[in-house]
Amino acid sequence: MNKLRYFVEDRIFGVCANLGEVLKIPASSIRLYFIYATFMTFGSPIILYLVMAFWMQVRQHWRRHHNPTVWEL
């Protein structure tokens, strides 16, 4: 079961996991709230999720670009 969870978190951007780390809330709670909100608002939080995933990728790329490791020089 843990293999499936890690696979899904890695493949689906890990937005809930990262948000949970920042807010110090379990990621499972954030996922449940996201699912409830999605059903109650007919899917509009999906747009917010995709924007957050895009922003996380841009931020990660920007950090890597400004702070390269020894292997990237």
Side-chain angles (χ1 to χ4, degrees):
M1 193 63 170
N2 284 335
K3 287 183 183 181
L4 178 64
R5 187 181 87 195
Y6 291 129
F7 174 77
V8 170
E9 284 180 1
D10 287 340
R11 300 292 179 201
I12 306 181
F13 309 115
V15 172
C16 294
N18 286 340
L19 190 60
E21 287 178 11
V22 170
L23 299 175
K24 298 192 185 337
I25 300 173
S28 59
S29 298
I30 294 173
R31 286 185 192 102
L32 283 176
Y33 292 133
F34 177 76
I35 291 169
Y36 295 151
T38 301
F39 282 122
M40 293 178 72
T41 60
F42 303 110
S44 61
I46 293 173
I47 295 169
L48 177 64
Y49 185 89
L50 292 175
V51 167
M52 289 175 63
F54 175 73
W55 183 254
M56 285 175 41
Q57 293 298 322
V58 167
R59 187 180 66 177
Q60 183 181 19
H61 176 70
W62 185 73
R63 283 184 179 174
R64 247 186 302 177
H65 178 69
H66 289 292
N67 298 322
T69 63
V70 174
W71 307 109
E72 295 172 345
L73 294 176

Worksheet, complete the sentence: SG of C16 to CD1 of I25, rounded to nearest 0.5 Å, is 11.0 Å
Worksheet item: Are Y33 and I35 grouped together when hydrophobic residues (ILVMFWY) are joined by side-chain heavy atoms under 4.5 angstrom apart?
Response: no
Worksheet item: Quick one: side chain to side chain contact (heavy atoms under 4.5 Å, CB included) partners of T41, sequence neighbours excluded?
Response: S44, P45
Item to complete: Enter the distance from R31:CZ to T38:OG1 here, rounded to the nearest 0.5 Å.
Response: 13.0 Å
Worksheet entry | Qualifying ring pair (Phe, Tyr, Trp, His ring centres under 6.0 Å) pairs with a residue from residues 35-55, counting only residues at least two apart or across chains | F34-Y49
Worksheet entry | CG-CG distance between N18 and L23, expressed to the nearest 0.5 angstrom | 11.0 Å
